[in-house]
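Proteins come first, then strands; the chains are lettered A, B, ... in the order of their sequence lines, and each starts at number 1.
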There are 2 protein chains.
Amino acid sequence: MNKNITSQTLSRLPLYFNYLISLPESRKSGHISATAIAEALGLNDVQVRKDLASVSNGGRPKVGYPTKELIGDIGKFLGFANHDGVIVVGMGNFGRAMLENRSFADYGFEVVGGFDCDEKLVGTEINGKPVRNVSELGSFCRERNIQIGIITVPEAAAQEVCDIMTGAGIKYILNFAPVHLSTPAGVAVHNENISLTLAMLARKNDIGDIK
Amino acid sequence: MNKNITSQTLSRLPLYFNYLISLPESRKSGHISATAIAEALGLNDVQVRKDLASVSNGGRPKVGYPTKELIGDIGKFLGFANHDGVIVVGMGNFGRAMLENRSFADYGFEVVGGFDCDEKLVGTEINGKPVRNVSELGSFCRERNIQIGIITVPEAAAQEVCDIMTGAGIKYILNFAPVHLSTPAGVAVHNENISLTLAMLARKNDIGDIK
DNA sequence: ACAATATCGATACTGGAATATCGATATTCC
DNA sequence: GGAATATCGATATTCCAGTATCGATATTGT
């Protein structure tokens with residue numbers, strides 16, 4: 001168990017977690033080897049072992065890691081037992097998809113509500129979650145100490161929404177608008193530009209010689 | 001202008017492109033330095049220079065790169081003048097958002113249609129784009145030589161849809177279902193797990209030291 | 001009990017990407 | 001025109017993730 005971890009390792013942990021919980025109950029009761037996990041996921045066994053070393057108390061030679069304990073360790077490490085509240089601003093299709101996304105719960109997040117400035121939407125519910133007016137965002141987040149926000153508004157409104165969020169004490173912002181947001185220090189932004197992602201994926205092999 | 005390019009460089013090019021086109025018109029008419037770009041995007045200036053060297057004819061010392069030319073070069077290189085057809089399978093909110101996303105066009109993509117297996121949706125139009133039955137996917141894609149597909153179906157159906165896509169000759173898959181897809185060689189998959197992204201964003205500081 | 005085997009963990013190696021350094025060149029200012 | 005400065009491009013260096021190797025250890029089978 002070594003708390004020094006790279007983001008690459010961090011990004012593979014959910015993969016292991018996913019794989020382990022998908023195992024039939026019979027296999028969960030025993031042990032599992034890094035070799036077996038690597039095989040199943042098409043990875044290198046040493047890599048898996050190194051990754052696991054950073055979250056677990058170690059496995060035993062010839063036996064492997066106790067499966068249930070390992071699941072617990074990874075889950076705990078990733079904070080999947082948390083219940084962090086998340087708000088979503090912009091109730092277009094994207095925003096609605098966020099409110100309906102069930103997989104957040106698996107990772108310890110709970111979307112507690114949506115915000116929009118369209119009066120026709122304010123007051124409605126989506127997937128049982130209320131839609132509030134953006135003007136209430138500040139008080140809502142401060143009251144509940146919400147620290148995570150998702151921006152799914154059109155490009156033009158993104159920076160304004162971002163400012164409102166940071167003003168409300170939001171510390172982590174996931175931004176789906178295709179613009180670069182500027183934020184005060186201490187606020188982490190992740191820009192998720194779908195078109196960009198697609199471009200990176202689909203253009204890789206097109207062009208000349210790529211390593 | 002050197003056509004040997006790494007995928008890392010390639011993945012940064014759209015970033016530069018994005019930044020450059022977002023500049024006010026006044027600054028676009030002049031020149032821009034690698035240093036300035038690096039500063040704005042939080043990257044190393046040498047890295048930016050090296051990246052740009054692979055697509056542009058070079059800048060001038062003390063002056064930088066002619067901005068408009070650079071935009072053109074990157075855009076041309078990335079194929080943003082293309083019109084690559086894209087299909088979307090799964091007409092939930094997510095899928096609908098994809099059909100309505102205007103920013104694809106900026107990057108040379110055109111969503112040509114959606115697919116679903118819900119008969120209530122098949123035959124309708126979303127944002128002027130027809131929704132077809134998944135059973136027609138194969139013939140549709142082969143006829144039009146579609147190579148790019150986006151998966152926005154629930155977890156359980158993702159692998160099946162993936163198989164149908166690869167069977168239809170799709171070469172690039174953007175997958176929003178939170179599962180690892182297995183594909184034949186020659187098919188590129190990008191898994192976009194929103195929950196995971198959020199976890200990495202919001203948990204980074206929680207957990208010990210992350211590099 | 002002892003040999004064979006599977007697996008672990010630590011260390012060493014490798015290759016590629018990021019970064020630092022440096023000389024060359026264009027521009028600006030005096 | 002010449003000094004100062006910003007920037008480029010090339011080369012050298014550093015760093016890091018991934019992989020291979022190897023000794024140690026636990027289990028199994030004879």
Side-chain angles (χ1 to χ4, degrees), chain A residues 1-16 19-20 23 27 29-67 69-70 73-74 200 204 207-211, chain B residues 1-16 19-20 23 27 29-67 69-70 73-74 200 204 207-211:
Chain A
M1 180 116 72
N2 160 21
K3 279 300 180 98
N4 259 46
I5 215 171
T6 68
S7 53
Q8 265 90 338
T9 293
L10 183 58
S11 72
R12 278 188 299 266
L13 287 176
L15 210 67
Y16 306 145
Y19 170 69
L20 293 172
L23 289 173
R27 294 194 52 195
S29 48
H31 291 69
I32 188 159
S33 73
T35 319
I37 298 177
E39 179 99 357
L41 297 175
L43 299 171
N44 180 289
D45 61 322
V46 180
Q47 186 178 56
V48 172
R49 216 169 281 128
K50 259 198 337 191
D51 287 344
L52 295 184
S54 38
V55 296
S56 93
N57 291 307
R60 301 215 306 283
K62 176 81 177 179
V63 176
Y65 304 80
T67 312
E69 220 175 291
L70 192 55
D73 285 344
I74 300 177
M200 281 163 49
K204 257 186 194 177
I207 313 166
D209 300 319
I210 298 193
K211 284 268 186 58
Chain B
M1 179 118 72
N2 158 22
K3 277 295 178 100
N4 258 47
I5 214 171
T6 68
S7 55
Q8 265 89 342
T9 292
L10 182 58
S11 72
R12 280 187 299 266
L13 286 175
L15 211 66
Y16 304 145
Y19 171 69
L20 293 172
L23 289 173
R27 293 194 53 196
S29 49
H31 292 68
I32 189 160
S33 73
T35 318
I37 298 177
E39 178 100 356
L41 298 174
L43 298 171
N44 180 289
D45 61 322
V46 180
Q47 187 177 58
V48 173
R49 217 168 281 127
K50 254 192 354 185
D51 288 344
L52 295 184
S54 37
V55 297
S56 94
N57 291 308
R60 300 214 308 282
K62 178 80 180 181
V63 176
Y65 304 79
T67 312
E69 220 175 290
L70 192 55
D73 285 343
I74 300 177
M200 285 172 59
K204 252 188 192 173
I207 314 169
D209 299 318
I210 298 195
K211 285 268 187 59

Rounding to an integer number of Å, can you tell me how far [X] [atom1] sits from [N] [atom2]?
X: A:D51; N: C:dG9; atom1: CG; atom2: P; value: 12 Å
X: B:Q8; N: C:dG16; atom1: CD; atom2: P; value: 11 Å
X: A:Q47; N: C:dA10; atom1: CD; atom2: P; value: 17 Å
X: B:K50; N: D:dT14; atom1: NZ; atom2: C1'; value: 12 Å
X: A:H31; N: D:dT28; atom1: NE2; atom2: P; value: 11 Å

Using the test side-chain contact (heavy atoms from CB on, under 4.5 Å), find all partners of [X] that sit at least two apart in sequence or belong to another chain.
X: A:A40; answer: A:Y19
X: A:S11; answer: B:M200
X: B:S29; answer: none
X: A:T67; answer: A:L20, A:L23, A:K28, A:I32, A:I71

In residues 35-43 of chain B, which residues come under 4.0 Å of DNA chain D by heavy atom? B:T35
Pairs where residues 30-43 of chain B contributes a residue and the test salt bridge (charged side-chain N to carboxylate O under 4.0 Å, His left out) is met, not counting sequence neighbours: none
Please enumerate all protein N or O atoms sitting under 3.5 Å from an N or O of nucleotides 20-22 of chain D, with distances to 0.1 Å.
| residue | atom | partner | partner atom | Å |
| --- | --- | --- | --- | --- |
| D:dA20 | OP2 | A:N44 | ND2 | 3.3 |

What stems involve DNA chain C, if each pair must be Watson-Crick or G-U and both of its distances must be under 3.5 Å, with 3 or more such pairs in a row? C:1-30 with D:1-30
Does B:Y65 have a side-chain nitrogen or oxygen under 4.0 Å from the phosphate oxygens OP1 or OP2 of D:dG9? yes
Phosphate oxygens OP1/OP2 of C:dA18: is one of them under 4.0 Å from a side-chain N or O of B:R12? yes
Full working for side chain to side chain contact (heavy atoms under 4.5 Å, CB included) between A:L41 and A:V48: CA-CA 10 Å; A:L41 297 175; A:V48 172; over 6 Å; no
Looking at residues at least two apart in the chain, or sitting in another chain, which of them share a side-chain hydrogen bond (donor to acceptor under 3.5 Å, both in side chains) with A:N44? none
With sequence neighbours left out, write down each residue that passes side-chain hydrogen bond (donor to acceptor under 3.5 Å, both in side chains) with A:Y16, or none if nothing qualifies. A:D51
If the sugar-phosphate is the primed atoms plus P, OP1 and OP2 and the base is the rest, what is the B/S/- string for nucleotides 25-30 of chain C, using protein heavy atoms under 4.0 Å? BBB---
To the nearest 0.5 Å, tell me how far [X] [atom1] sits from [Y] [atom2].
X: A:L52; Y: A:R12; atom1: CG; atom2: CZ; result: 10.0 Å
X: B:H31; Y: B:E69; atom1: NE2; atom2: CD; result: 8.0 Å
X: A:Q8; Y: A:K50; atom1: CD; atom2: NZ; result: 11.5 Å
X: A:R49; Y: A:T35; atom1: CZ; atom2: OG1; result: 5.0 Å

Measure across A:T9 and A:S54 and return the closest heavy-atom pair with its distance rounded to 0.1 Å. CG2-OG, 3.8 Å
